Amino acid sequence: MAIDVTGTKTLTTPEEVIAFARERGVKFVDYKFVDLPGTWQHFSTPISELDVDVFEEGLGFDGSSIRGFQKIHESDMLLVPDPTTAIVDPVCSIPTLSLICNVKDPVTGEWYSRDPRYVAQKAERYLIQSGIATTSYWGPEAEFFIFNDIRFDQTTHSGYYFIDAEEGIWNSGTSNGKPNLGYRPRHKEGYFPVPPLDRLQDLRSEMVLKMIEAGIQVEVHHHEVATAGQAEIDMRFQTLTKMGDQLLLYKYIIKNVAIAHGMTATFMPKPLFQDNGSGMHVHQSLWKDDVNLFFDRDGYAMLSDTARYYIGGLLRHAPALLAFAAPTTNSYRRLVPGYEAPVNLIYSQRNRSAAVRIPMYSDNPRSKRIEFRCPDPTCNPYLTMAAMLMAGLDGIQNRIEPPPPIDKDLYELEPEEAVNIKSTPGSLAEALNALEEDHEFLLRGDVFTRDLIETYIAYKRQREVDPVALRPHPYEFFLYYDA
């Protein structure tokens, strides 16, 4: 990602970044970092404030105002920009240099244990130290919706949401004072129709061009299964921390391009009832230098023993992983049978009803990978990918055998077959409980810390699980008002 978009050089040092900013006529510098739940935060300074010392000494900020960070009596923290992340911000109208930062404690001088980006970097170091592999590659497929209107509110005496999208099939009978021209994807029929059914081709193309401008390699974009503007843009695989950076940039670009066109994009997993939700299927593989450790031509689905054990680790720890990978109460509206959601903790080749799918598009050893289908794009990508890597490594280190693969539609199994298949947690509360009970594998190499895990669980319970549980649901009035 850290390239001059002319493609002529890679930026690696503070001096190169400062020279690049001058060449591009940059007026401001934007410093971005991620909070514990996974949302980018930022502040900006005039370009005149950027010098080499900023990259060495950092810039101060109030850590007590950031979700999941410090208490008020220990709030002073530092942001240290990573020069390899320098780009010209693709959505700002005033030329702005964008730098992604790590967080440091100014008192101890240590990198901050709750900085998700630092967790990802430690996971990559632990992989090398383990001796198993030198590199992990990641390819998340983050789906999203593009709506024309979204309204929601919650008070003591009311609660509602209202979604509208010009492309939504529910608008097939409306007029709004103008002709209705039809052409809308029906529920579950939005996969791959050409325009005019797909009304968002040019908008997605503009998003892709902005991503390319920012140094992201994009492979494909398309309409997704649901009506009302569900979409997917796929990035080329990348190493763990770099992919975490790219995924946050990806979401940033998509939201801002949509807003610029008077529309709104959401990565919420299940905004629409009775249609497909938005997942983030994560392709992953381990390499030792230039050798793909997941490939064996004689293995099931051309998988090596290493890959099978890696899958064993993912499936063994899946309930705990989902506390990071499916991190919202809404995530579990998506993880239900019948909407291509992977609730069955099984692996299988070509099979989109399994939690782990083995793509079979090619027999090229370099393309062999596994796809974990449970995550969704509300997750913090650094924590989620680091946790998946640690689970997979635990599987390899302990030779964890996954349940035997099942090459059938898992939603159509006979009861006697289905009874032995474990499922994903049914709620965020269950996933948090699982993480509380099963997290020792995350602590190896000091990749995750108990402090981070405890803070994360407490935040999710206090700020999300409990508040949602306390509020009446609109459908409860339908069910119970006349009781």
Side-chain angles (χ1 to χ4, degrees), residues 1 3 5 38-40 87 89-91 98 100 137-148 165-167 185 190-195 197-240 242-272 275-284 325 334 340 352 357 359 361 369 371-373 375-382 384-385:
M1 183 162 56
I3 59 168
V5 293
T39 300
W40 252 356
I87 58 170
D89 193 298
V91 303
S98 175
I100 300 174
Y137 285 115
W138 302 83
E141 300 174 343
E143 299 165 341
F144 55 98
F145 280 90
I146 302 170
F147 298 138
N148 293 87
E166 176 59 28
E167 199 194 70
Y191 193 67
F192 279 21
V194 297
L197 271 174
D198 177 3
R199 300 183 182 215
L200 301 172
Q201 169 73 16
D202 284 343
L203 183 64
R204 293 195 309 272
S205 291
E206 184 174 334
M207 292 169 176
V208 169
L209 291 175
K210 289 289 185 184
M211 291 178 192
I212 293 170
E213 181 184 330
I216 297 174
Q217 260 190 289
V218 176
E219 294 185 330
V220 65
H221 77 77
H222 60 85
H223 203 288
E224 256 299 341
V225 173
T227 189
Q230 193 182 33
E232 181 178 314
I233 299 172
D234 291 342
M235 299 175 282
R236 185 170 176 79
F237 64 86
Q238 190 49 277
T239 54
L240 196 157
K242 288 181 180 178
M243 182 51 79
D245 294 344
Q246 285 192 179
L247 190 54
L248 292 178
L249 181 58
Y250 168 101
K251 293 174 73 172
Y252 173 74
I253 290 170
I254 285 168
K255 292 175 182 178
N256 278 282
V257 171
I259 287 287
H261 285 266
M263 304 180 79
T264 178
T266 181
F267 292 87
M268 187 175 176
K270 189 74 169 184
L272 297 182
D275 210 336
N276 282 35
S278 293
M280 190 182 78
H281 311 143
V282 182
H283 296 253
Q284 48 204 281
R334 166 185 169 255
E340 296 189 30
R352 285 172 168 81
R357 181 179 75 95
Y361 298 121
R369 61 198 186 275
E371 176 194 57
F372 190 46
R373 295 175 59 81
D376 69 59
T378 56
C379 72
N380 185 319
Y382 302 112
T384 296
M385 290 187 291

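It should be emphasised that the depicted structure is a prediction, and the values quoted were computed from it without experimental measurement.
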Item checked: Side-chain touch Y252/L248, heavy atoms, less than 4.5 angstrom -> no
Next item on the list: For a side-chain hydrogen bond (donor to acceptor under 3.5 Å, both in side chains) with S278, tell me which candidate from Q230, K270, R334 qualifies.
Entry: Q230
Notebook entry, point to check: Roughly how far, to the nearest 0.5 Å, is the CG atom of L200 from the CD atom of E206?
Noted result: 12.0 Å
Check: Do the side chain of Q284 and the main chain of V282 share a donor and acceptor less than 3.5 angstrom apart?
Finding: yes
Note to self: Tell me if a side-chain donor or acceptor on N380 pairs with a main-chain N or O of T39 at a distance below 3.5 Å.
What the structure shows: no
Notebook entry, point to check: Taking the side chain from D376 and the backbone from P269, do they hold a donor-acceptor pair closer than 3.5 Å?
Noted result: no
Check: Side-chain contact, heavy-atom cut-off 4.5 Å: I87 with L249?
Finding: yes
Checklist line | I253 backbone acceptor or donor facing K210 side chain under 3.5 Å | finding: no
Notebook entry, point to check: What's the spacing between T239 OG1 and Q246 CD if we round to 0.5 Å?
Noted result: 8.5 Å
Checklist line | Derivation and outcome, side chain to side chain contact (heavy atoms under 4.5 Å, CB included), residues M280 and E143 | finding: CA-CA 6 Å; M280 190 182 78; E143 299 165 341; over 6 Å; no
Next item on the list: Could you check whether the rings of F144 and Y250 sit parallel, tilted or perpendicular, using 30° and 60° as the cut-offs?
Entry: perpendicular
Checklist line | H221 and E232: side chain donor to acceptor below 3.5 Å | finding: no
Checklist line | F237-W138 aromatic ring centre distance below 6.0 Å | finding: no
Notebook entry, point to check: Does E213 reach the side chain of L209, with side-chain heavy atoms less than 4.5 Å apart?
Noted result: no
Margin query: Centroid separation under 6.0 Å, is that true for the rings of Y191 and H222?
Written below: yes
Check: Quick one: does M243's side chain get under 4.5 Å of P140's, heavy atoms only?
Finding: yes
Item checked: Which atom of I254 lies closest to which atom of A265, heavy atoms considered -> CG2-CB, 3.7 Å
Checklist line | Heavy-atom side-chain contact between K251 and F267 under 4.5 Å | finding: yes
Check: If every non-hydrogen atom of L197 is compared with every non-hydrogen atom of E167, which pair is closest and at what distance?
Finding: O-OE2, 3.4 Å
